[in-house]
Amino acid sequence: MRFLGIGDYNDLGAMYYGLAQRGHEMRVSVANPSYSDVYGGMLDFTDDWQAELGWLREAGEDGIALFESATQGQTQDTLRRDGFRVIGGSAFGDRLEADRAFGQQVLQGFGLRLAAIHGFTAYAPALDFLQRQGGRYVLKFNGADSPRSRNYIGELDDASDMLALLTTYAAHPAMCEPPDFVLMEFVQGVEMGIGAYFNGREFLSPACIDFEHKRFFPGELGELTGEMGTIVSYRGSEKLFAASLAKMAPLLREGGYCGYINLNMIVNEQGLWPLEFTSRFGYPGFAICEALHEEGWERIFQRMLRQDGLQIATRAGYAAGVVLTVPPFPYSHGYEELSKGEPLSFRPGMTAADHAALHFAEVARHGEHLVTSGHTGYVGVATGTGPTVAGARDAAYALARQVVLPNLRYRTDIGERVERSDLRRLAEWGWLEHAGCDRVGSC
C-alpha cells in the first residue's frame, strides 16, 4: 500500500515508521521547518505533498492520504470529492475542535449537560464578567494550535486568580495574541475521554475510554503540557459511548468525517459534562491505543474506507503510556543548546517487543544511533499493557527505564489516580459495571 502523511510536526511519525517497516510505501510532508528533521534518516520525505497526489492515485484503493491536524479539513473534503481516499477529519471536524463554543452548541442539541461557557475576543469584557460573576472557571484559548501553556484551571472561588492572570495577559498582549478564548464553568468529577473511529457513515467498535494526565509533574503539579501519560481501554465503553459520542454520528456523516474523534468530558453524580472535541489522532493517544490493537493500522484504515466492516480487533485490559521528555520541554527556548542531538541508548536485554512498544516522536537516525531532534524535546512514549491498570503501568515504566538518555524526564504516577479512585467512582455512578474494580468487565 501507499501512504502519504501530511502535517505540520510529523506527530504520527511512529505510525508512519511502523507502516514503512511492514513493507508499505510511505512519504511524509512536514510543513513546519523546525520539525523537518524529525524521523530524519528513517522515513522518505517530500517538500510538496500535492506533487505526490499522482503517485498516490496510481495506487488506486491502496493509496491513502493521512492528515494529522484539525486545520486542513476543507482540503480533505476537496480531496475526497476528487476521488482520493483520506483518513483524518473534515471541515466540520475542524470547527468542532477549534471553536469550543460551537462544539458545545452541537452537544447541547443532544440534551447533554453543559458547563456554562462564555466566549471572548478581548480581555476587558472577560475581566468585567469575572468581577461581576465570580466563581471558578477554566480558561482555554480557541484554535487547534492555541497556546496550551496559557490555558489555566481556576482554583479560587472568588475568581481572583483568574482576574490576576487575565489582567497580566491584557497588559502584555503579545503573550496571547489574538485574544480568542473561552471561560468555562469549572465542574468537579472524573475527567476522561471517549473516542472512536468514524468511517464516513458509522462508528467502528469498540470505542475506547481514556484517562489523560496533563500536568508536567506528579501529583498534578506544574504546566498543562497537553499530555504526560494516559491510561486507555477498549472495554467498558459501551454505556458512556451511547450516551455521548455516538449521538454525533448523523452530523459526522453529513460533514463527511472519516477518522478518529474523541470527546473529553467530566463525569460526576449528575451525569456527563462534555468539554471539548479532538477531531484528529491524538498524540500520544494513537500510540497507546495501538498497544491494544490485534491488527495493523493499514487494515483498520482499509476497513474504514471500504466501509465493509465495523469491528476493530482489540485486546482486553488496559494500555498505559508514559511520555518521555528532555529539557526544556514543554517549552522550546534553549532546546538547541540543552538537549538537541543527544544520543539514545538502551539497557541490555531489550527485546523486539520492547522496541515495538517504544513509539518515538522527536528523534532522527544519525549513522547507527538515534538522536533527539525536532523543536521541544518530546522524545516519545513508552507503552505497556496488562489486565489491570497496575499491570499496564508497571509494564510501561519497566520499558521507560530501559531508555538511556541524558536528562531524561517523565512522570512517575501515571495511572495511580485511575486505579485509586476514578474507576471506582465511575462504577458507583453506574457508568462501569464493577464497582471498585481495576479489571474492566472481568472481576
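Between Glu419 and Ala390, the shortest heavy-atom distance links the atoms OE2-CB, 3.4 Å.
The neighbour count for Glu294 CD, taken as heavy atoms of other residues, nucleotides or ligands under 6.0 Å away, is above 12. Within a 6.0 Å radius of CZ in Arg299, no more than 12 heavy atoms belonging to other residues, nucleotides or ligands are found.
Here the side chains of Arg235 and Thr314 are in contact, with some heavy-atom distance below 4.5 Å. A 4.5 Å side-chain heavy-atom check between Val323 and Arg411 finds every atom pair outside the cut-off. For the pair Leu183/Leu139, a side-chain contact is recorded, criterion being any heavy-atom separation below 4.5 Å from C-beta on.
Contacts of Arg80 classified as side chain to side chain contact (heavy atoms under 4.5 Å, CB included), with partners at least two apart in sequence or in another chain: Gln76, Asp77, Val86, Ser90, Cys258. Applying the ring-ring contact (aromatic ring centres under 6.0 Å, His included) criterion to Trp297, with sequence neighbours excluded, gives Phe281, His293, Phe301. Residues meeting the side chain to side chain contact (heavy atoms under 4.5 Å, CB included) test with Glu416, sequence neighbours left out: Arg393, Asp413, Arg420. Taking Phe203 as the reference, Phe198, Phe241 meet the ring-ring contact (aromatic ring centres under 6.0 Å, His included) condition, with sequence neighbours excluded.
Between Phe286 and His359, the two ring planes are perpendicular [angle over 60°; tilted spans 30° to 60°].
Applying the side-chain hydrogen bond (donor to acceptor under 3.5 Å, both in side chains) test to pairs two or more places apart or on separate chains, those with a residue in residues 126-136 are Asp128-Arg132.
For the pair Arg95 and Phe102, the cation-pi test (distance below 6.0 Å, angle within 45°) is passed.
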Evaluation steps, ring-ring contact (aromatic ring centres under 6.0 Å, His included), between Tyr123 and Phe181: CA-CA 9 Å; Tyr123 293 112; Phe181 60 93; 5.4 Å; yes

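When the options Tyr197, Phe67, Tyr283 are evaluated for a ring pair (Phe, Tyr, Trp, His ring centres under 6.0 Å) with Tyr260, the one that passes is Tyr197. With Leu263 as reference, Leu107 is the one residue of Leu240, Leu107, Thr278 to meet the side chain to side chain contact (heavy atoms under 4.5 Å, CB included) rule.
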Could you pull out every donor-acceptor pair under 3.5 Å between side chains of residues 373-380 and any protein atom, sequence neighbours left out?
{"residue": "Ser373", "atom": "OG", "partner": "Val363", "partner atom": "N", "Å": "3.0"}
{"residue": "Ser373", "atom": "OG", "partner": "Val363", "partner atom": "O", "Å": "3.0"}
{"residue": "Thr376", "atom": "OG1", "partner": "Glu362", "partner atom": "OE2", "Å": "2.7"}

